[in-house]
Each structure stands twice: as structure tokens, then as C-alpha cells.
Amino acid sequence: MPRTPEAESFFHAVYAAIQEIPPGRVTSYAHIAKLIGTPQRPRQVGVCLKHLPDDPAQRFNSQTVPWQRVISAKGMISPRGHPSGAANQATVLRAEGVTVSTGALGEYLVDFGEFGWFPRQLPSDVEAGVELSSEEED
DNA sequence: ACCCTGACCTGCA
DNA sequence: GTGCAGGCCAGGG
């Protein structure tokens, strides 16, 4: 539970953005951060997910926010110090059609090329000179 | 291609 | 009031 109004609105924005990720797709912490206009704090996105309540009475909870669709920019499911958590996340993702492969060390990996959700070209990407791939253009 | 590092900002002890 | 640690990322060896 956020204690300051700023933190509260930040949490709200993060959860709302995550709710826009379509089923069967995944994106990164950094992308969520960019979407809500704070590209310099992907770590805080992780903090929000860590504090996502299970209580159904809360507006945002683990039932209404698809927390499983947020992974690291490397395409890896964050162990977050608790390996079984990643395993659980992999199971939930597979249940909605995402192919999750396992690395040699038991890491869980998702191919962004196939399941990544990057809906629009962000201002920061334009500034950095990033171009849309030809197959993404309408 | 890999590992290591600095930076980022908050939450918690 | 301070310090440390964290569900990360991008860049440099």
C-alpha cells in the first residue's frame, strides 16, 4: 500500500498499464515504465508488482491485474530471489498460450519476437533513432 | 557473446 | 533520520 499520493498514482498507472497487455502476450518492466511516462524507473514497476494485493476487495489485485505478463527485458521471468515464483508464473503464462522455454540453469524464457507486446513507437525510441520493423508497419 | 558495473528511485529495517 | 536492498536496465570491458 502506497503511503503518499504520488506513489498511489504511480501504482495506479502501473496497474492500469499492465491491464492493457493482451492475453497471450508479455512485455518488460521497462516498457511499462515508458508507457506511463517514467522511463527511468523500471525497478519501481517491479516494486508495484511485489506489493500487488491478493485481496479481491481491492480495486487492483492479482485477479484483475495480469502480473504474469510482465517479465525482464531479456525475456526472462524474474526469479525475484524465489525460484518457485518464477515457475508458477511460467505455468500461468503457458495456460494462456505463451510458450515458455527453460534454460540450462532452470531459467524461464519467453521469445519477445513471438509473444512480445510493444504496441506503439514511444517518443524515447524516436529520439533514440529506433525504427519500426517493416512487418510491424500498417 | 558473456559478466560486471553504475544508475535509477523507492520501500523498509 | 539514515542506510541498505530491491521481481531492472543499458553500457562497457
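Only a predicted model underlies this, so the values are computations on that prediction, with no experimental measurement involved. Protein chains get the first letters and strands the later ones, always in sequence-line order, with residue 1 at the start of each. What's counted below: heavy atoms across the whole structure, side chains too, no hydrogens, waters or symmetry copies.
- Between the CZ atom of A:Phe11 and the C1' atom of C:dG7 there is a distance of 13 Å, given to the nearest Å.
- As a whole-Å value, the separation of A:Arg80 CZ from C:dA5 P is 20 Å.
- The side chain of A:His51 places an N or O atom within less than 4.0 Å of a non-bridging phosphate oxygen (OP1 or OP2) of B:dC12.
- Between the side chain of A:Ser28 and the backbone N or O of A:Ile71 there is no donor-acceptor pair closer than 3.5 Å.
- Note: CG (A:Leu109) to C1' (C:dG7) measures 16 Å, nearest angstrom.
- Separating the NZ atom of A:Lys74 from the C1' atom of C:dG7 is a distance of 14 Å, rounded to the nearest angstrom.
- Across all strands, A:Arg41 comes closer than 4.0 Å only to sugar-phosphate atoms, never to a base (heavy-atom distances).
- In this structure, A:Leu105 atom CG and B:dC2 atom P are separated by 12 Å, rounded to whole Å.
- Counting distance only, with no hydrogens placed and no angle test, the side-chain atoms of A:Gln44 and the base atoms of B:dC9 include a donor-acceptor pair under 3.5 Å.
- When rounded to the nearest whole Å, the span between CD of A:Gln40 and C1' of C:dC8 equals 13 Å.
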Legend entry - Check against ring-ring contact (aromatic ring centres under 6.0 Å, His included), A:Phe60 and A:Phe11: CA-CA 9 Å; A:Phe60 295 111; A:Phe11 273 62; 10.0 Å; no
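- C:dG7 atom P lies 16 Å from atom CD1 of A:Ile77, rounded to whole Å.
- No donor-acceptor pair under 3.5 Å is formed between the side chain of A:Arg80 and the backbone N or O of A:Ala86.
- Projected onto DNA chain C by closest heavy-atom contact, A:Pro42 and A:Val47 fall at different nucleotides, the more 5' of which corresponds to A:Val47.
- In terms of modelled atom types and a separation under 3.5 Å, the side chain of A:Thr91 and the main chain of A:Ala87 share a donor-acceptor contact.
- Evaluation of atom-type donor-acceptor distances gives a pair under 3.5 Å for the side chain of A:Arg43 against the base of B:dC8.
- At the heavy-atom level, A:Val45 lies nowhere under 4.0 Å from the strands shown.
- For the OP1/OP2 pair of C:dC8 and a distance below 4.0 Å, the side-chain nitrogens and oxygens of A:Ser78 include at least one atom meeting the criterion.
- Between the C1' atom of C:dC9 and the NZ atom of A:Lys34 lies a distance of 10 Å, rounded to the nearest Å.
- Although no hydrogens or angles enter the test, the distance criterion places no donor-acceptor pair under 3.5 Å between the side chain of A:Gln68 and the main chain of A:Val92.
- Across the strands present, C:dG7 finds no partner; the criterion is a Watson-Crick or G-U wobble pair with both atom distances under 3.5 angstrom.
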